[in-house]
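These notes are about the structure you will find just below.
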Amino acid sequence: MPIRTQVDDLSSAEARSLIAEHLAGMQENSPPGHVYALAIEGLRAPDVTFWTAWQDERLCGCGALKELSATSGEVKSMRTRPEFLRQGVGQAVLASVVAEAKWRGYRHLYLETGTGPAFEPAHALYERNGFAWCGAFGDYAATEFNVFMVKEL
């Protein structure tokens, strides 16, 4: 079944529930003080565009693009609901994020994510899509619990 992505304003209870699920998952798989996921208020900021992914009328995932500068952005809040894993949801959302970044004329698209087994599928998705490992960017500090990637556009 095809995945449809759309820009979302986070006004629905369903989208807010998905963000709560995302934040809980990040807390579960990262040590205290090492979660940089955006809460709803952060995802509603003017410099952030948020997408939801749908299979028919079922919300199956999300992702966001945060503007870092006139030439770069950051992938944020990538999440696929467990029942939709390995069905192309992450790929569909990431494709929307990358397309928007290119349309805006960004030269670089960055991301920060966790380490360990829970994050390995995300690392593989990003590598398949041309992201490469890099050092910390922006206000992030490198630790043993996070990694950084960049894609040249």
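For the single chain, residues carry numbers from 1 onward in sequence order.
Among all heavy-atom pairs drawn from Ser77 and Leu43, the shortest one is OG-CD2, 3.4 Å. Nearest heavy atom pair, residue Ala92 against residue Ile3, reads CB-CG2, 3.7 Å. Summarising the geometry of Gly90 relative to Met78, their closest heavy-atom pair is O-CE, 3.5 Å, with the distance given to 0.1 Å. Across every non-hydrogen atom of Asn146 and Ala141, the tightest pair is ND2-O, 3.2 Å. Across all their heavy atoms, Leu153 and Ala101 have their closest contact at CD1-CB, 3.7 Å.
Distance check, rounded to the nearest 0.5 Å: OG1 of Thr52 to CD of Gln6 gives 4.5 Å. To the nearest 0.5 angstrom, Phe137 atom CZ is 4.0 Å from Glu74 atom CD. With rounding to the nearest 0.5 angstrom, the OG atom of Ser17 is 8.5 Å from the CG atom of Leu59.
Note on residues 88-98: pairs passing side chain to side chain donor-acceptor pair (under 3.5 Å), not counting sequence neighbours, are Thr5-Ser96, Gln91-Asn129.
Cluster annotation: Leu94 and Leu85 are assigned to distinct hydrophobic clusters (Ile/Leu/Val/Met/Phe/Trp/Tyr, side-chain heavy-atom contacts under 4.5 Å, transitive). Val150 and Leu68 fall within the same hydrophobic cluster, where Ile, Leu, Val, Met, Phe, Trp and Tyr residues are linked whenever their side-chain heavy atoms come under 4.5 Å apart, directly or through other members. Follow the hydrophobic side-chain contacts under 4.5 Å out from Met149 and you reach Leu125 in the same cluster.
Looking at Thr49 and Trp51, their side chains come closer than 4.5 Å, going by heavy atoms from C-beta outward. Residues Ile40 and Arg16 are in side-chain contact: their nearest non-hydrogen atoms beyond the backbone lie under 4.5 Å apart. Counting only heavy atoms from C-beta outward, the side chains of Val98 and Lys102 approach each other to under 4.5 Å. Phe50 is listed as a side-chain neighbour of Ile19, based on a closest heavy-atom distance under 4.5 Å. The closest side-chain heavy-atom distance from Arg104 to Leu65 is below 4.5 Å.
Between Phe119 and His123, the ring planes lie parallel to each other; the angle is under 30°, not in the 30° to 60° tilted range.
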Checklist entry - When you look at Glu67 and Tyr106, which way does the side chain to side chain contact (heavy atoms under 4.5 Å, CB included) test go after all the steps? => result CA-CA 9 Å; Glu67 183 169 280; Tyr106 292 168; 2.8 Å; yes

Checklist entry - Does the pair Lys151 and Tyr126 meet the rule for a side chain to side chain contact (heavy atoms under 4.5 Å, CB included), with working shown? => result CA-CA 9 Å; Lys151 177 179 176 70; Tyr126 298 132; over 6 Å; no

Next on the checklist: Applying side chain to side chain contact (heavy atoms under 4.5 Å, CB included) to Thr80 and Val93, what does each step give before you reach the verdict?
Outcome noted: CA-CA 9 Å; Thr80 299; Val93 174; over 6 Å; no

Checklist entry - Can Tyr110 and Phe148 be said to form a ring pair (Phe, Tyr, Trp, His ring centres under 6.0 Å), step by step? => result CA-CA 7 Å; Tyr110 294 91; Phe148 306 91; 9.4 Å; no

Checklist entry - How far apart are the C-alpha atoms of Leu109 and Phe131, what are their side-chain angles, what is the distance that settles it, and do they pass the side chain to side chain contact (heavy atoms under 4.5 Å, CB included) test? => result CA-CA 8 Å; Leu109 189 56; Phe131 283 81; 3.9 Å; yes

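The existence of a salt bridge linking Glu152 and Arg107 is excluded, since no basic side-chain nitrogen approaches an acidic carboxylate oxygen closer than 4.0 Å. Between Glu83 and Arg81 there is no salt bridge, since none of the side-chain N atoms of the basic residue sits less than 4.0 Å from a carboxylate O of the acidic one.
Without hydrogens or angle criteria, Asp9 side chain to Ser11 main chain gives a donor-acceptor distance under 3.5 Å.
Under the side chain to side chain contact (heavy atoms under 4.5 Å, CB included) rule, Cys62 has a single partner from Leu10, Asp8, Leu18, which is Leu18.
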